[in-house]
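First comes the structure, then the notes that go with it.
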Amino acid sequence: MFLPPERPAYRSHVVVERALTPGQCDRVVALGSRWRADEATLAGEASGAADPALRRSTVTWLPPEDDTEWLFERLAAVDERANRQWDFELTGFGEDLQLTAYDRPGSFYTWHQDGLDGEVATRKLAVVVQLTDPATYEGADLELFDVVADLDDEALAAWTDRCRVRGTAVVFPAFEYHRVTPLRAGVRHSLVAWVSGPPFR
């Protein structure tokens, strides 16, 4: 009798250490100064709408061009490595990269998904790269729903500390619920990218 090969148990995310070097993190933040920063809006059904009850931050969009080609290539390598966990059918980056700044006390993003249906149905993987030295700000922590639900306080603190290391990427399916907790002090920059593919069936 033929048995298909066993697939690894489902995991909600992959943490990729040293996705970017500290120098590359500085370079990304500097690139952001070339384009206009706008108040963050919502995706999906509420596309283009700003709702400070759900999200407060500023974003700058980094398009593919000569000065950002290296960044797209680096993130593509990170995505390819992480996608071994899910083996999703991917077609590449369908959108510009999002440089997000949590730059005012109280800046946050409530629980949400980055894609599943509607305008964002082609988003298959989300990638969040930590750009800021964690010693320079408080709060604004990325959290995934199942991580918060499954880990005790000590384990969650260790997971958070790991993800706050500068240059670390967290890659997860775009349908996973996640949030950014309120900023208490300082400024946190993160880079967000979405890898596209045929909509899930």
Side-chain angles (χ1 to χ4, degrees), residues 6-26 28-29 40 42-43 52-59 74-75 77-88 98-116 123-195:
E6 289 189 16
R7 297 180 63 88
Y10 178 79
R11 291 167 56 191
S12 66
H13 67 283
V14 173
V15 177
V16 181
E17 298 173 348
R18 295 181 293 278
L20 296 179
T21 67
Q24 289 171 332
C25 291
D26 287 338
V28 172
V29 175
L42 303 176
L54 301 177
R55 182 183 191 186
R56 276 185 283 163
S57 61
T58 57
V59 297
R74 179 61 189 146
L75 293 178
V78 169
D79 298 332
E80 181 180 359
R81 173 182 167 188
N83 191 43
R84 296 172 190 165
Q85 173 64 34
W86 304 286
D87 196 27
F88 290 159
Q98 179 183 273
L99 175 63
T100 307
Y102 297 90
D103 51 1
R104 292 160 289 174
S107 296
F108 78 109
Y109 199 168
T110 194
W111 290 113
H112 65 284
Q113 297 168 294
D114 281 355
L116 188 60
R123 291 179 177 175
K124 301 293 275 291
L125 289 180
V127 187
V128 180
V129 185
Q130 168 73 4
L131 299 176
T132 304
D133 181 344
T136 65
Y137 71 95
E138 298 176 11
D141 291 318
L142 173 68
E143 294 184 341
L144 273 70
F145 186 84
D146 75 311
V147 173
V148 173
D150 295 343
L151 300 184
D152 61 27
D153 291 346
E154 183 177 352
L156 178 59
W159 184 88
T160 300
D161 286 345
R162 182 183 181 202
C163 296
R164 283 168 60 98
V165 174
R166 200 172 188 208
T168 297
V170 182
V171 186
F172 50 92
F175 55 73
E176 288 286 351
Y177 276 95
H178 57 287
R179 70 178 177 183
V180 176
T181 62
L183 179 75
R184 296 191 299 273
V187 175
R188 176 193 174 221
H189 286 96
S190 64
L191 181 69
V192 184
W194 296 280
V195 188

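Values in this document were obtained by computation on a predicted structure and should not be read as measured data. What you see below is based on every heavy atom in this structure, not just the backbone, and it leaves out hydrogens, waters and symmetry mates.
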Closest non-hydrogen atom pair between Leu183 and Tyr102, with its separation: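 Taking Leu183 first and Tyr102 second, the nearest heavy atoms are CD2-O, 3.2 Å.
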
Heavy-atom closest pair, residues Val127 and Asp79: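 Reported closest heavy-atom pair: CG2-OD1, 2.8 Å.
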
Less than 4.5 Å apart, side chain to side chain, heavy atoms only: is that true for [X] and [Y]?
{"X": "Arg188", "Y": "Val180", "answer": "yes"}
{"X": "Gln113", "Y": "Phe175", "answer": "yes"}
{"X": "Phe108", "Y": "Thr181", "answer": "no"}
{"X": "Val14", "Y": "Phe172", "answer": "no"}
{"X": "Leu125", "Y": "Phe88", "answer": "yes"}
{"X": "Val187", "Y": "Tyr137", "answer": "no"}
{"X": "Val129", "Y": "Ser190", "answer": "no"}
{"X": "Gln130", "Y": "Leu142", "answer": "no"}

Rounded distance [0.5 Å steps], CD in Gln85 versus OG in Ser12: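 It is 9.5 Å, given to the nearest 0.5 Å.
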
Value rounded to 0.5 Å, distance of OG1 in Thr132 from CG in Leu191: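 Spacing of OG1 (Thr132) from CG (Leu191) equals 11.0 Å.
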
Within the distance-only criterion (no hydrogens, no angle test), does the side chain of [X] pair as donor or acceptor with the backbone N or O of [Y] below 3.5 angstrom?
{"X": "Gln24", "Y": "Gly167", "result": "no"}
{"X": "Arg164", "Y": "Pro134", "result": "yes"}
{"X": "Arg166", "Y": "Leu131", "result": "yes"}
{"X": "Arg123", "Y": "Trp194", "result": "no"}
{"X": "Trp86", "Y": "Lys124", "result": "no"}
{"X": "Arg74", "Y": "Ala19", "result": "yes"}

Step-by-step side-chain contact (heavy atoms from CB on, under 4.5 Å) determination, Trp111 to Val148: CA-CA 12 Å; Trp111 290 113; Val148 173; 4.0 Å; yes

Worked check of side-chain contact (heavy atoms from CB on, under 4.5 Å) between Val147 and Leu156: CA-CA 7 Å; Val147 173; Leu156 178 59; 3.8 Å; yes

Over 12 non-hydrogen atoms of neighbours within 6.0 angstrom of CZ in Arg81: no

Within 6.0 angstrom of Asp153 CG, more than 12 heavy atoms from elsewhere: no

Compute whether any side-chain donor of one residue and acceptor of the other, for [X] and [Y], lie under 3.5 angstrom apart.
{"X": "Asp141", "Y": "Thr160", "value": "no"}
{"X": "Asp146", "Y": "His13", "value": "no"}
{"X": "Asp103", "Y": "Ser57", "value": "no"}

Worked verdict on Thr168 versus Val15 for side-chain contact (heavy atoms from CB on, under 4.5 Å): CA-CA 7 Å; Thr168 297; Val15 177; 3.6 Å; yes

Check: His112 ring centre within less than 6.0 Å of Tyr177 ring centre: no

